[in-house]
Structure formats: C-alpha cells, structure tokens
Amino acid sequence: MYFPSWMRQLYRGLSAQPAWASPRRSLVLSPHRRLPEFSSFIARTNTCGELRSSHLGQEVTLCGWIQYRRQNIFLVLRDFHGLVQIVIPQDESAASVKKILCEAPVESVVQVSGTVVARPPGQENPKMPTGEIEIKVKTAELLNSCKKLPFEIKDFVKKTEALRLQYRYLDLRSFQMQRNLRLRSQMVMRMREYLCNLHGFIDIETPTLFKKTPGGAKEFLVPSREPGKFYSLPQSPQQFKQLLMIGGFDRYFQVARCYRDEGSRPDRQPEFTQIDIEMSFVDQTGIQQLIEGLLQYSWPSDRGAVALPFPSMTFAEALATYGTDKPDTRFGMKIIDISNVFRNTEIGFLQDALSKPQGTVKAICVPGGAEVLPVFLKTSINWNSPVAELIMEEQRLEFIRLMQVQEDDVILLTAGEHQKACSLLGKLRLECADLLEKKGVVLRDPALFSFLWVVDFPLFLPKEDNPRELESAHHPFTAPHPSDIHLLYTEPEKVRSQHYDLVLNGSEIGGGSIRIHNAELQHYVLATLLKEDVKLLSHLLQALDYGAPPHGGIALGLDRLMCLVTGSPSIRDVIAFPKSFRGHDLMSSAPDCVPPEDLKPYHIQVSWPADSESEKNSLNLHQES
Ligand code: ASP
C-alpha cells in the first residue's frame, strides 16, 4: 500500500519503540504495526493518493472531490489521501462519461472506475506523489454536485477565520485541517495504547451534568426541571477522578471534555479536551515519569526525539528568571537582579524602590535590541537615557559586567516589588522577542520543543480582588508540600504545594498535583483557609473518610499540545468544530434564543437587557411565523 509523503510521515512519525520497554514486553504488547486498510467496506478500491507505477494495469474505483479540471481533458480528483489525475475520455462512445466529468462543478463528489496507466513520457509530474500515473476512466458517476463555494478549498487561498468557521465542513477539507485532526487522532491512539496496554490504565467516562464546584473557573449552568436547581458543566473531572481512586480504580484516564465559561483566547476555548489521569499510591516523581514516557511514546518522530527527563524549575526560580510560571526556555534574555549595583544610587526612583520591603531593581538585556527598540540605556559612552548622568562609573562597569552588555544591546530596567518587577520584565521579554523576530532574528526555533516542569508552587495565592484572602494556586484538593505542613496553621501563605505544571515552549500544557487524602485536612483547607462552603463538597469530604488511598494526577491540555505539535497559530486549528473568539458557533449560530415556552419547564425567564430589543423581536417574529 502506498501513501503520500505526509501520510507516510504521519504513520512513521509516531515514534516506534519506547526506550524503556523491554523487548519481550514489546513483543507481546506491540505486535508489528500494520498500516490501516483505508478502503475496506466502502465503494472504492483505492484512495486517490496511493496509486503509483506499481499499480499500472490495475482496474480501480476511486471516490473523491473534483479539485480542478484542465481543458476538459484532465481532471484532478482529491480525497484525504492525496490527488490523482483522471483522463477524461474524448471518444464518442464515452460521451456520457465525458459529460459528467466536464460538467460537474469543482468540489462535486464523483466516483470513477478505470485503469491505472503510465503518463506519456515527459508528462510525469515529480511534484505529485501520484505523478507517474493517471487513470483512464471507463465509467463515472456524479455522486453529488457542488454549488458555488464561499471560498476556495486550497490552503494557500487566504480566508478569514470567521468564514472558515461559518463553513467549517468545507474548511475541514483543507490539507491543513485534515493533517491536524488526523495527527491528533494518531497521537491520542498512541496515548491510549501507552496508558491502557502498556501501563494498565482504565478509561472511564465521568458525567457532564454535575454540580457547582467551589473556587476555580466560572462554570456553565444547565437548568433542570426542578425549580431553581441547576447542573454545572464540570471544569474538569477532578472530583470524579479522586472518587474513582476511593472506588479502587487506581489507574484512571479519560480523554475528557471540560467546560469553562471564561471567554476565548487564542489558546482557550469554552469547551476543551484534557488527557485526564489519576493514580493511587503515587508521588510527584511517579506522575512526572509517567507523563514523560507518555509524551515520548506518542510524539511524532518527525518532530524530533523527546529527550528525557524533562528539566525542572521551581516556581520561585521561574518567576525570578523569566517573570512567569510558564517560561519559554527556548531563548535567554533572562531577568537579572541588579539591586546591589544601585544600593547607593542617587537616582530617585531606584532609591525609592530599594527602600521598600521586597524592593528590587531588575533588568533584561535584549541582544541587538537597539535595532528595534526605543533605547533607554546604551553601553556606548553616550548612554542614551535621562538617568545616565546619575550613574557612577563603577556602577556602570558593574552593571555592564552583570548584564554582559554588548554594543547595540538594549537594557530594559525596572524597579519595584520583586514579583511585580519580574512579571513586568517577563512580559517585556516576550514582547521584545516578538519585535526581534519580526525583524528576522530567529529566537524561538519553531522546530524546537522545550519541555519544562515547574514545581514547588505556593499552595495559596492572595486573591486578585482581595489580597488579604487566599485562593488556591492550583485547586483546593492539592496537597501541601510535606515539609511545609506545619505552616498551614501559622503562615499558610508560605506553604509550598505538591503541584506541578508542564510547560512547552512557554505554554502551560498540563498541570496536576498530589491530592489531600485526609478528610480533616481537606476540611481545614476548604473551610478555614479558603472560606469555601464545605456543604458543596460534603460528598467528597465524606468519601475521604472511607479509606481513601493516597493519590495524585495530572491533566494535559490536548488542544494546546496539538496546537504546538502542529505549529498552528490557534487551538481552533486543531479542533474540528471550535467556538469563535467570543464563544459562538458561527456555523449554527449557537448560543441561540429559545421561545419562552421552552423555558417554562425550567421555571426560568429571560430578563432582556435594554439594548437587546432586536433579538427579542426576532424571537417573537420567529414564533409567529
Ligand atoms: N483537574 C486539574 C485541572 O484541570 C488537573 C489535575 O489536577 O489533575 O487543571
């Protein structure tokens, strides 16, 4: 069986033997991987993209879409597998076949039967995998005609994302969407294989209609027929997976749909998919090793080998060095603390910042930045900055030494409270990288995959809207770091947690934790420290009291992971039917209005905002018609 090169890559790309598997085990569990049979059970003998010279003389039946037609002599037929040239018969006896093939509009779907023949010498197309052959057609059937298209299917024809989403079923025919979704399916298959067949995990589905969970993301509500009672769509299967541990399913996984009412961003969707995992009797290292093995096993090998173990960095170090908890470690421009250089400075704003608790002066050096950035301080004699005169010579030398400044570099300097100064510089670091890359400097090699574990997060963070109260840095079920447990009762804000995040090229692609499995401790965290209504979680607290095993887990964001693996600009490019930026389905216009009588069984009524008259009227009209 033959494959277009991207398809071959796809199948070969899924790395073969995991480094750790013993030969015997792999013999039993990974029999020779067979290429799938693409034409079984259906009305074709072959796919369009698989035919080569070795098929010469074969009688074939193909089904596909008309990609284009040339001078009513040739027609190029396409399916997901590739393209093949069809010769339109010109003789009188085949007039009806010619009529079908010449009249069917582009993107119509046809079935053709004929013989695989060699292209005449000199007419081969080396750019086309099937370019040595063509099909001499005997019969043709128009299976369905295509109307005038809203856009051309070809990848190189630019179309707005709104139009692509409105006609998603057409957009899905593009090479890019075909490749992305097929690769996604392949990787998930390899993950299932790794988890279930190699490591004894059980795939268990958990409910989508659930109950409000305290803390965390905003949840979607679903009305019920009981007055005033609502389900919530789960933000993740977190509680269920912990309950499964208590139920004795000690190695669980699920390709789980999660829902968060948080509005879209390029890397977020209101509904998204996680590879959700939980294990009993495990520690942080165990989970990390599992995930490293999982990614190595499922990684397409044409994206380069995944080197293990992944490096690890504490949250404190990530913040201090990169100004974020998800550092892009593909490039430097690290944050440097230069507070000591300016201890005796006369520069007012630096003095001021350094006199405050946690006050620091930090800087990043943007190599070659003078070409692209507004200049603040320059290493040359004429430092181009209003504060330059106030910097003493020895300060200047020390500063240059610490920052390793070269001619034409730009230093961005900030003074203030440690965390704020770092996160500001962290954002500037990324902005500068964007600016430099726009000028053609390659800082973040797209072919490089830089994995990083971020560990030792604080268990709690001050709430954004009320910094005197605490909220969970991960979620309220996360266990404290064993060496910090005593601080829970005295200085909870200082407690580190057993929470770990997996970062890839500056995106958080996974996160998890070892859980609290003691009911009393969980109650204390929820009620006393987080001031949550424990009644909402009484089922979980009760369950923890019935012999809950120690357990922990993680969830990988499948959409983000696939977005990075495929090099797509948005997660919407790796989801078959995504929502728009504003959370709408542009194809079906969901969410949509429903007539008031449909709301009656739920005992709810819409209170229309003043500016929504037109929507309300259109609903009334709709009802009247
Ligand atoms: N449920 C968590 C999340 O969605 C992941 C975990 O802790 O396993 O972030």
Side-chain angles (χ1 to χ4, degrees), residues 267 303-342 360-380 383-385 395-416 418-457 500-509 560 564 567:
D267 64 348
R303 306 295 194 283
V306 172
L308 305 188
F310 298 158
S312 183
M313 188 182 286
T314 66
F315 168 80
E317 192 186 343
L319 185 71
T321 321
Y322 295 97
T324 171
D325 59 358
K326 37 180 185 295
D328 190 336
T329 44
R330 283 174 300 174
F331 69 106
M333 275 162 63
K334 295 182 187 172
I335 301 172
I336 295 177
D337 192 312
I338 49 169
S339 308
N340 285 342
V341 180
F342 293 106
T360 55
V361 183
K362 313 258 183 195
I364 56 172
C365 175
V366 185
E371 306 274 317
V372 287
L373 297 168
V375 176
F376 298 102
L377 290 179
K378 247 180 131 182
T379 54
S380 58
W383 282 25
N384 183 1
S385 164
Q395 286 175 337
R396 195 172 75 91
L397 291 176
E398 179 58 3
F399 177 76
I400 290 171
R401 190 190 63 81
L402 272 178
M403 301 301 300
Q404 300 189 358
V405 194
Q406 312 270 323
E407 196 67 36
D408 284 337
D409 290 355
V410 164
I411 302 293
L412 298 180
L413 178 148
T414 182
H418 171 76
Q419 180 144 347
K420 281 200 186 125
C422 290
S423 47
L424 175 70
L425 284 179
K427 286 185 191 125
L428 282 173
R429 174 178 176 266
L430 294 177
E431 294 279 332
C432 291
D434 287 345
L435 283 172
L436 287 170
E437 283 182 345
K438 272 197 196 123
K439 290 275 171 183
V441 181
V442 182
L443 277 182
R444 295 167 289 195
D445 180 354
L448 205 73
F449 292 96
S450 181
F451 288 97
L452 176 76
W453 288 109
V454 179
V455 299
D456 285 358
F457 280 82
Y500 30 83
D501 270 357
L502 183 60
V503 176
L504 174 56
N505 294 355
S507 277
E508 181 195 322
I509 57 153
R560 277 192 204 164
L564 293 165

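With sequence neighbours left out, Tyr500 forms a ring pair (Phe, Tyr, Trp, His ring centres under 6.0 Å) with no residue at all. Applying the salt bridge (charged side-chain N to carboxylate O under 4.0 Å, His left out) criterion to Asp501, with sequence neighbours excluded, gives no partner residue. Residues satisfying the side-chain contact (heavy atoms from CB on, under 4.5 Å) criterion with Ala363, sequence neighbours excluded, are Ile338, Met403, Ile411, Leu413. When the salt bridge (charged side-chain N to carboxylate O under 4.0 Å, His left out) test is applied to Glu398, the partners found at least two apart in sequence or on another chain are Arg401. With sequence neighbours excluded, the residues satisfying salt bridge (charged side-chain N to carboxylate O under 4.0 Å, His left out) with Arg560 are Asp267. Annotation: ring pair (Phe, Tyr, Trp, His ring centres under 6.0 Å) contacts of Phe331 (sequence neighbours excluded): none. Scanning for side chain to side chain donor-acceptor pair (under 3.5 Å) contacts around Asp328 gives Arg330, with sequence neighbours left out.
For residues 427-448, no residue pair satisfies the ring pair (Phe, Tyr, Trp, His ring centres under 6.0 Å) rule, not counting sequence neighbours. The stretch residues 438-453 participates, sequence neighbours left out, in these side chain to side chain donor-acceptor pair (under 3.5 Å) pairs: Glu292-Trp453, Thr329-Ser450, Asp434-Arg444, Glu437-Arg444. Residue pairs satisfying the side chain to side chain donor-acceptor pair (under 3.5 Å) criterion with at least one member in residues 304-326, sequence neighbours excluded, are absent.
A donor-acceptor contact shorter than 3.5 Å links the side chain of Ser339 to the backbone of Val361. A donor-acceptor contact shorter than 3.5 Å links the side chain of Asn505 to the backbone of Leu448. No donor-acceptor pair closer than 3.5 Å links the side chain of Thr414 to the backbone N or O of Ala421. In this structure a side-chain-to-backbone donor-acceptor pair under 3.5 Å is present from Asp409 to Gly368.
Note: Phe399 CZ to Asn340 CG = 13.5 Å, rounded to the nearest 0.5 Å. Asp337 CG to Ile335 CD1: the interatomic distance, rounded to the nearest 0.5 Å, is 10.0 Å. Going from atom CG of Leu452 over to atom CZ of Phe310 covers 10.0 Å, rounded to the nearest 0.5 Å. A distance of 14.0 Å separates CG of Leu425 from NZ of Lys420, quoted to the nearest 0.5 Å. For the atom pair NZ of Lys427 and SG of Cys432, the computed distance is 14.0 Å after rounding to the nearest 0.5 Å. If you take CD1 on Ile364 and CD1 on Ile336, they are separated by 10.0 Å, rounding to the nearest 0.5 Å.
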Take Val455 and Phe315 through the side-chain contact (heavy atoms from CB on, under 4.5 Å) test and state the conclusion after the steps. CA-CA 6 Å; Val455 299; Phe315 168 80; over 6 Å; no
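Closest non-hydrogen pair, Ala318 versus Val454, comes out as CB-CG1, 4.5 Å. Of all the heavy atoms in Met313 and Pro327, the pair that sits closest is SD-CG, 4.2 Å. The minimum heavy-atom distance between Cys422 and Lys362, with the atom names listed, is SG-CE, 3.7 Å.
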